[in-house]
Student: 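Handing you this structure, nothing more for now.
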Amino acid sequence: MVYIKQLSEFEGKEVTLKGWVANRRDSKGLVFINLRDGSGLCQCVADENKITAGEFDQAGKLSLESAVEISGTVVKDERQIGGFEIQVTGLKTIQVAEEFPIAKKEHGIEFLMDQRHLWLRSQRQWAILRIRNTIIYSIHNFFQKEGFMQMDAPIFTGNACEGTSNLFETDFYGDPAYLSQSGQLYGEAMAMAFGKIYTFGPTFRAEKSKTRRHLSEFWMIEPEMAFYDIHQNMDLIENFLQYVIKEVLDKCQAELKLIDRDTSVLESSLNKFPRLTYDEAVAIIKGEKDVNGQNSIKSLEVELAEVEAKMIAIIAEINDRETKIAVPGMKKGEINFNQTKIANLKNDLKDLEESQRNIPQWIESAKNFRYGNDLGGSDETVITRLFDVPVMVYDWPHEVKAFYLKRNPENPRFARGVDVLAPEGYGEIVGGGERETNEQLLRDKIIEHDLPMADFEWYLDLRKYGSVPHAGFGLGLERLVTWLCKLKHVRESIPFPRMYGRLLP
RNA sequence: UCCUUGAUAGCUCAGCUGGUUAGAGCGAGUGACUGUUAAUCACUAGGUCCCUGGUUCGAGCCCAGGUCAGGGAGCCA
């Protein structure tokens, strides 16, 4: 058995492929089968004269997604996707599929999510999840080559890392237990034992968020390094992200092309990441400070004008095409083509209308940003649009950040946290920082945040026995996948997304 | 939780100011066509207009409440 990916090694030879029918067309005496086997796609041509009548009959009856075993000769054909096609010499039906729900046309997102188990078979999903796999693999490669040890934090936790409001509560032999929202505190314990560690596991947040950035269950990578300060932490984040981006660029060209990803921003992200303090970031958001000659507020206003110009152009095109269709005498195929075009244009128009509604809100929120607050989603969007590389923002007002972050010794108003904001409006993909080493300061913070002290005694022990400067960060895998693939929504970045209102399939 | 948009055939949608028997395309089925890349031609089947109540001679359309979904805010990775 041969996989489609290997066909170039078998030119002129006879091979047997096993897979599913991705598409089928027939003419008199010929059946074209687009075979999908998980490794790729390949057209197989069944000619009436080259196979038995029984086989040809079977070929004609193959429905979409039927399973089939095909033998044939590998022929070079530039017109084909993979550059090769199969001249069929033998065909065996494994199963004839019932009518496949996902048709070869546009579908709404709710329908596709209901069909997620089948949607995974489509080319676009295939490419995205292949890229996800490359990302996962290169994350492990990076940390392993850097001497990190992979360790797992527990998923059931008795203590709430940052308050219980957004945790999933479960029953643990009669006691309440929460699904982990971060392995970080455990990561610190493991770093004190092994030096440099990273966790890679699922995380759960019970936020009733309905935005393109949130999942209830997502995968997080959390490195933790003993003897690192915030600057070394930022160096590591930059090296790490650039390694992963480079691997994706090197190994996933075909997949990136399939999903139509313009890779220029990924390439420019191999340059140095700007490091802004919170103060600098706020000045940029409020439009008080320009970046590379660009002003945040002005660039949003320009974008709004562009959106409105595009809307006018699209409306004109829709009208134009509708008038054309209305004239009698147009061929049916051409009418269909135009109708599909119109439907697509209307969808584009809906997206633009969303932007038209959102951008003025973002401008308002940027102008009225109150110093001392955390950055909101739109603020992140505003700032990252001005750069073509990820941006790091560090030294935050300590009130808005987690209790375990270290204060800047030179200016204790600030906590030494760092957020990495992805370009192209994607926002936060990494959150991390240097950890507080002083036991008493931690106790004060725990009280300030109104957290149950008893649950943190084990954590505070780490400050009693060889407490050292240390730092780490958390990377949201799905957010990274979403950005690298330039997806509209995180739900496509994971095989089976779990989010508010979505538990099946 | 709040703001906003929506729910009509298997799918994507149209349905005007409330008016007779609810429409199209795609998909499916049948037939025609020797080279097609979702979108050649003809025919056929296919409907709880999200739910409950109300207004009206008459509701897919108006009103009230609910359910579900899209987008955004908050919160976050």
Side-chain angles (χ1 to χ4, degrees), chain A residues 22-34 41 43 45 47-49 63-64 77 79-81 85 98-115 122-123 162-163 165-166 181-182 184 203 205-216 218-222 322 325 331-344 346-347 350-351 353-355 357-359 361-362 364-365 373-381 400 402 419-422 426-432 473-480 482-483 488-491 500-502:
Chain A
N23 198 10
R24 180 180 62 89
R25 295 166 296 279
D26 45 17
S27 301
K28 187 166 191 176
L30 284 175
V31 176
F32 301 95
I33 298 162
N34 267 17
L41 274 176
Q43 174 165 278
V45 185
D47 187 329
E48 197 174 20
N49 303 318
S63 49
L64 224 56
D77 188 334
R79 292 171 295 183
Q80 301 310 322
I81 312 159
E85 73 173 22
E98 292 175 25
E99 184 184 334
F100 198 62
I102 301 177
K104 310 190 109 1
K105 59 168 297 196
E106 292 288 321
H107 291 284
I109 190 63
E110 192 185 355
F111 175 77
L112 288 171
M113 289 302 299
D114 285 341
Q115 306 294 332
S122 75
Q123 280 202 76
E162 294 160 41
S165 59
N166 51 4
Q181 63 171 343
S182 164
Q184 200 226 291
T203 341
R205 306 261 167 107
E207 291 155 0
K208 289 185 178 174
S209 297
K210 296 187 75 158
T211 79
R212 59 183 66 193
R213 294 195 297 281
H214 289 89
L215 292 170
S216 302
F218 62 98
W219 288 72
M220 193 147 69
I221 293 90
E222 293 181 285
E322 276 176 346
I325 293 178
K331 278 176 77 179
K332 200 173 171 188
E334 209 175 337
I335 292 175
N336 287 348
F337 176 83
N338 276 295
Q339 278 176 341
T340 312
K341 237 351 197 234
I342 290 169
N344 287 338
K346 283 187 177 170
N347 274 332
K350 271 186 193 164
D351 285 350
E353 279 167 1
E354 295 272 7
S355 304
R357 273 197 295 271
N358 290 334
I359 293 174
Q361 289 174 23
W362 295 353
E364 273 314 292
S365 133
N373 283 1
D374 204 349
L375 303 191
S378 70
D379 305 316
E380 292 175 355
T381 307
V400 301
D419 281 2
V420 179
L421 311 179
Y426 280 89
E428 188 173 356
I429 52 171
V430 167
F473 63 91
L475 166 81
L477 175 65
E478 286 74 19
R479 285 196 180 169
L480 181 62
T482 302
W483 169 49
K488 275 190 182 170
H489 198 296
V490 276
R491 65 188 151 213
Y500 183 57
R502 173 63 60 185

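All values reported here derive from a predicted model rather than from experimental measurement. These numbers come from the heavy atoms of this one structure, side chains and all, not from hydrogens, waters or symmetry mates. Just so it is clear: chains get the letters A, B, ... in the order the sequence lines come, proteins before strands, and each one is counted from 1.
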Student: Among B:C76, B:G72, B:G70, which nucleotide sits nearest the side chain of A:Asp374?
Tutor: B:C76
Student: Run the ring pair (Phe, Tyr, Trp, His ring centres under 6.0 Å) test against A:Phe111 and tell me which residues pass, sequence neighbours left out.
Tutor: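 Result, ring pair (Phe, Tyr, Trp, His ring centres under 6.0 Å) vs A:Phe111: A:His107.
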Student: Please determine whether a side-chain nitrogen or oxygen atom of A:Arg213 lies at a distance below 4.0 Å from atom OP1 or OP2 of B:G74.
Tutor: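 The answer is no; no side-chain N or O of A:Arg213 sits under 4.0 Å from OP1 or OP2.
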Student: Once side-chain hydrogen bond (donor to acceptor under 3.5 Å, both in side chains) is applied, do any residues pair with A:Gln43, and if so which ones, sequence neighbours excluded?
Tutor: A:Arg25, A:Glu85
Student: With a cut-off of less than 4.0 Å, is there a side-chain N or O of A:Lys210 near OP1 or OP2 of B:G70?
Tutor: yes
Student: So what's the dot-bracket for RNA chain B: Watson-Crick or G-U pairs under 3.5 Å, [ ] if a pair crosses, | if it pairs off-strand?
Tutor: (((((((..((((.....[...)))).(((((.......))))).....(((((..]....))))))))))))....
Student: The criterion is salt bridge (charged side-chain N to carboxylate O under 4.0 Å, His left out); which residues satisfy it with A:Lys208, sequence neighbours excluded?
Tutor: none
Student: Between A:Gly476 and A:His489, just flag the one whose closest nucleotide in RNA chain B comes earlier from the 5' side.
Tutor: A:His489
Student: How long is the line joining CG of A:Asp379 and P of B:G72, in whole Å?
Tutor: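 For the pair A:Asp379 CG and B:G72 P, the rounded distance is 15 Å.
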Student: For a quick check of understanding: with a heavy-atom distance under 4.0 Å over all strands, which category does A:Ile102 fall into, base, sugar-phosphate or nothing?
Tutor: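 Result for A:Ile102 = nothing.
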Student: When the P atoms of B:U48 and B:G27 are considered, how many whole Å apart are they?
Tutor: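 My reading of the P atoms in B:U48 and B:G27 gives 23 Å.
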Student: Respond yes when some side-chain nitrogen or oxygen of A:Arg212 is under 4.0 Å from OP1 or OP2 of B:G72, and no when none is.
Tutor: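 Checking B:G72 against A:Arg212, a side-chain N or O does come within under 4.0 Å of OP1 or OP2.
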Student: Output all residues satisfying salt bridge (charged side-chain N to carboxylate O under 4.0 Å, His left out) with A:Glu478, sequence neighbours left out; order by chain, then residue number.
Tutor: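 Salt bridge (charged side-chain N to carboxylate O under 4.0 Å, His left out) check on A:Glu478 returns A:Arg132.
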Student: Give one of base, sugar-phosphate or nothing for A:Val490, where a contact means two heavy atoms less than 4.0 Å apart.
Tutor: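 The answer is nothing, as A:Val490 stays clear of every strand by at least 4.0 Å.
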Student: With rounding to the closest Å, how many angstrom separate the C1' atoms on B:A9 and B:A24?
Tutor: 11 Å
Student: Could you state the OH-P distance from A:Tyr500 to B:G70, rounded to the nearest angstrom?
Tutor: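 A:Tyr500 atom OH is separated from B:G70 atom P by 11 Å.
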Student: Suppose we screen for side-chain hydrogen bond (donor to acceptor under 3.5 Å, both in side chains). Which residues come up paired with A:Ser365, at least two apart in sequence or across chains?
Tutor: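 Per chain and number, A:Ser365 pairs via side-chain hydrogen bond (donor to acceptor under 3.5 Å, both in side chains) with A:Ser378, A:Asp379.
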Student: List for me each residue that meets side-chain contact (heavy atoms from CB on, under 4.5 Å) alongside A:Glu428, sequence neighbours excluded, and say none if there are none.
Tutor: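 With sequence neighbours excluded, A:Glu428 shows a side-chain contact (heavy atoms from CB on, under 4.5 Å) to A:Glu380, A:Asp419, A:Leu421, A:Arg479, given in chain and number order.
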Student: Suppose we screen for side-chain hydrogen bond (donor to acceptor under 3.5 Å, both in side chains). Which residues come up paired with A:Asp114, at least two apart in sequence or across chains?
Tutor: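 Counting only residues at least two positions away or on another chain, A:Asp114 forms a side-chain hydrogen bond (donor to acceptor under 3.5 Å, both in side chains) with A:Arg502.
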Student: Please report the distance separating the C1' of B:G10 from the corresponding atom of B:G46, rounded so that it comes out in whole Å.
Tutor: 9 Å
Student: Rounded to whole angstrom, note down the P distance from B:U36 over to B:G19.
Tutor: 48 Å
Student: Collect all protein-nucleotide pairs involving nucleotides 6-12 of chain B in which both atoms are nitrogen or oxygen and the distance is under 3.5 Å.
Tutor:
unit_1: B:C11; atom_1: O2'; unit_2: A:His107; atom_2: ND1; d: 2.6
unit_1: B:C11; atom_1: O2; unit_2: A:Lys105; atom_2: NZ; d: 2.7
unit_1: B:U12; atom_1: OP1; unit_2: A:Gly108; atom_2: N; d: 2.8
unit_1: B:U12; atom_1: O4'; unit_2: A:Lys105; atom_2: NZ; d: 3.3

Student: In whole angstroms, how far is the P atom of B:A73 from the CD1 atom of A:Ile359?
Tutor: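 So the two atoms are 12 Å apart, to the nearest Å.
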Student: Tabulate atom names and distances for all N/O pairs under 3.5 angstrom spanning the protein and nucleotides 31-35 of chain B.
Tutor:
unit_1: B:C33; atom_1: OP1; unit_2: A:Lys28; atom_2: NZ; d: 3.3
unit_1: B:U34; atom_1: O4'; unit_2: A:Lys28; atom_2: O; d: 2.8
unit_1: B:G35; atom_1: N1; unit_2: A:Glu85; atom_2: OE2; d: 3.2
unit_1: B:G35; atom_1: N2; unit_2: A:Arg79; atom_2: NH2; d: 3.2
unit_1: B:G35; atom_1: N2; unit_2: A:Glu85; atom_2: OE1; d: 2.9
unit_1: B:G35; atom_1: N2; unit_2: A:Glu85; atom_2: OE2; d: 3.3

Student: Who pairs with A:Arg213 by salt bridge (charged side-chain N to carboxylate O under 4.0 Å, His left out), at least two apart in sequence or on another chain?
Tutor: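 In terms of salt bridge (charged side-chain N to carboxylate O under 4.0 Å, His left out), with neighbours along the sequence ignored, A:Arg213 is linked to no residue.
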Student: Can a donor-acceptor pair under 3.5 Å be found between the side-chain atoms of A:Arg502 and the base atoms of B:C68?
Tutor: no
Student: If every non-hydrogen atom of A:Ser182 is compared with every non-hydrogen atom of A:Arg205, which pair is closest and at what distance?
Tutor: CB-NH2, 4.5 Å
Student: On a whole-Å scale, what distance lies between the C1' atoms belonging to B:C11 and B:A38?
Tutor: 13 Å
Student: Does A:Asp419 reach a base, just sugar-phosphate, or nothing at all? Heavy atoms under 4.0 Å.
Tutor: nothing
Student: Using the C1' atom on both, measure B:C57 against B:C2 and round to a whole Å.
Tutor: 42 Å
Student: Do the side chains of A:Asn34 and A:Arg24 get nearer than 4.5 Å, heavy atoms only?
Tutor: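 They are not in contact (no side-chain heavy atoms under 4.5 Å apart), so the answer is no.
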Student: P atom, B:G53 versus B:C43: distance in rounded Å?
Tutor: 42 Å
Student: Could you give the distance separating B:G70 and B:A28 at their C1' atoms, to the nearest angstrom?
Tutor: 28 Å
Student: With sequence neighbours left out, what residues match A:Asp77 under salt bridge (charged side-chain N to carboxylate O under 4.0 Å, His left out)?
Tutor: A:Arg79
Student: Measure the distance from CD on A:Glu207 to C1' on B:G74 and round it to the nearest whole Å.
Tutor: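 So the CD-C1' distance, A:Glu207 to B:G74, works out to 10 Å.
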